[in-house]
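Please read the structure below before turning to the comments.
Just so it is clear, the structure is predicted and the values come from calculations on it, not from any experiment. Counting convention: from 1, in listed order, for ligands and their atoms alike. What's counted below: heavy atoms across the whole structure, side chains too, no hydrogens, waters or symmetry copies.
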Amino acid sequence: MWVRKRLDIGWGDLAWAAGRCLVPDLDGGASRRTETAWSPDGDALFCLSVRSGFDLLLTALDLPRGSEVLMSAITVPGMVRVAEAHGLVPVPVDLDPESAAADPASLARALSPASRLLVAAHLFGARPPLDPLLEALAASEHGRGLMVVEDCAQAWTPGYRGDARAAVSMFSFGLIKTATALGGALLAVRRPDLAERMRAAAERWPPQRRRVVFAKTAKAAAFKALSARPPYALITGLAAAAGRDHDLLVNRLAKGFPGPGFLERIRHRPASPLAALAARRLGRYDPGRLARRAAAGAALAAALPPPVSRPGRAAPHATYWVFPVLSDDPERTRRALARAGFDATRGDSLIVVEPPAGRPELEPVRARDLLLRTVYAPLYPELPRSALERMAAALAADASAAGAPAADPPRTAAVPPAEA
Ligand SMILES: *Cc1c(COP(=O)(O)O)cnc(C)c1O
């Protein structure tokens, strides 16, 4: 069984990180070194996570309660929770399924006199341009001059630091992200006054404990050891024999801040081993690895017959952080892939941003449909060409057996699909 995801980190980095947790820390400058290594411009801020950095940003901005934060309609739940914790109102901007980017027309509709911020997420490892969104903002009375924040958590590539027209660009090094450092995030904060206030807010947070980083290292090592094909086949087989689905368990393992007390957990300064590991990853990342992943994704995409549709298929700079496919019956597609030896998942880490009370017309119909119908196929550089071919064949057979081709999401729909 090919595991759904292989962590993007080697044994050498894990051993090094464990070692850093064991030696005493003599200077506290690891975060600063990571920041300057990433951005010589001095605009970088290293945080515990993107969600922590977003929390710092909202603290620094200190927007009036009830201010509206426009967000790409699909994101991780923590981003919405952080906005709500600051008394702000998240407002979804529906997605264009072709690019998986926020759609400019939906943005124009979502703008209101209370709009203060746009958080544009680049999903699935592609990087659609911000231009259509910036043009929609410039064309609108409520959009002109609106602050734009870029969520590049899924879109890191070596050397890229975001679109300079965004006030802030955020990159994640969480466990399942590209070039993972087992956590941590780098933010390019292009307004020095804002960066200063964010730093001051971070200073008030307690430090992350080094043993937390050590535990993350151990967890990643276990995950990595069990992701090889034979042990993973054994795990899924045992779970099935016990009448259990391994899906939930595996997805839970991938969460960075599981359990209660989410806000307290994200509100820490990164421990120095975490910052040092991030710097090491940035400095030594093999661009060939990303190129191999992108090539595998492009090969799989090219091998799929037309009835198989993919969200974000038209987005440029695709590195295929994940490989989502749309299905009219995602559970059936997931089982078909499992029979062929591929551990696809329907995923549970992304959510649809709900429209604010009293504004049902902002229901993000296309984003919700997209998320309900998405199955994530395994995709990583270790997958050989023969496995990609078998996966393409399994997806094609599933789509044609379904009879009705998996059509693209509706451009407009009168009735929002029911909650799954
Ligand atoms: C992973 C992710 C985040 C959160 O990143 P953390 O560093 O884990 O907080 C935010 N937005 C998107 C779109 C993500 O995929």
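For Asp151, every heavy-atom contact with ligand 1 shorter than 4.0 Å involves the side chain, none the backbone. Residue contacts with ligand 1 for Lys177 involve side-chain atoms from C-beta outward but no N, CA, C or O (heavy atoms, distance under 4.0 Å). Both the backbone and the side chain of Ser49 come within 4.0 Å of ligand 1, judged by heavy-atom distances.
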Please tabulate, for the side chains in residues 132-142, all donor-acceptor contacts under 3.5 angstrom to protein atoms that are two or more places apart in sequence or on a different chain.
{"residue": "Ser140", "atom": "OG", "partner": "His142", "partner atom": "N", "Å": "3.1"}
{"residue": "Ser140", "atom": "OG", "partner": "Gly143", "partner atom": "N", "Å": "3.2"}

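Atoms of ligand 1 found under 4.0 Å from any heavy atom of Arg51 (numbered from 1 in listed order, with element): 4 (C), 6 (P), 8 (O), 9 (O). Listed by number with element, the atoms of ligand 1 under 4.0 angstrom from any heavy atom of Ser172 are 5 (O), 6 (P), 7 (O), 8 (O).
Here Met79 contributes atom CE and Ile351 contributes atom CD1; the two are 10.5 Å apart, rounded to the nearest 0.5 Å.
Using a 3.5 Å distance cut-off with no hydrogens or angles, the side chains of Thr34 and Ser31 do not pair a donor with an acceptor.
Geometrically, ligand 1 and Val50 share a nitrogen or oxygen pair separated by less than 3.5 Å.
Below 30°, between 30° and 60°, or above 60°: for Trp2 and Tyr380 the angle between ring planes is between 30° and 60°, a tilted geometry.
Applying the salt bridge (Lys or Arg N to Asp or Glu O under 4.0 Å) criterion to Arg197, with sequence neighbours excluded, gives Asp193.
The protein heavy atom nearest to atom 15 (O) of ligand 1 is Gln154 NE2, 2.7 Å.
Cation-pi geometry between Lys224 and Trp11 is met: under 6.0 angstrom from the ring centre, within 45 degrees of the axis.
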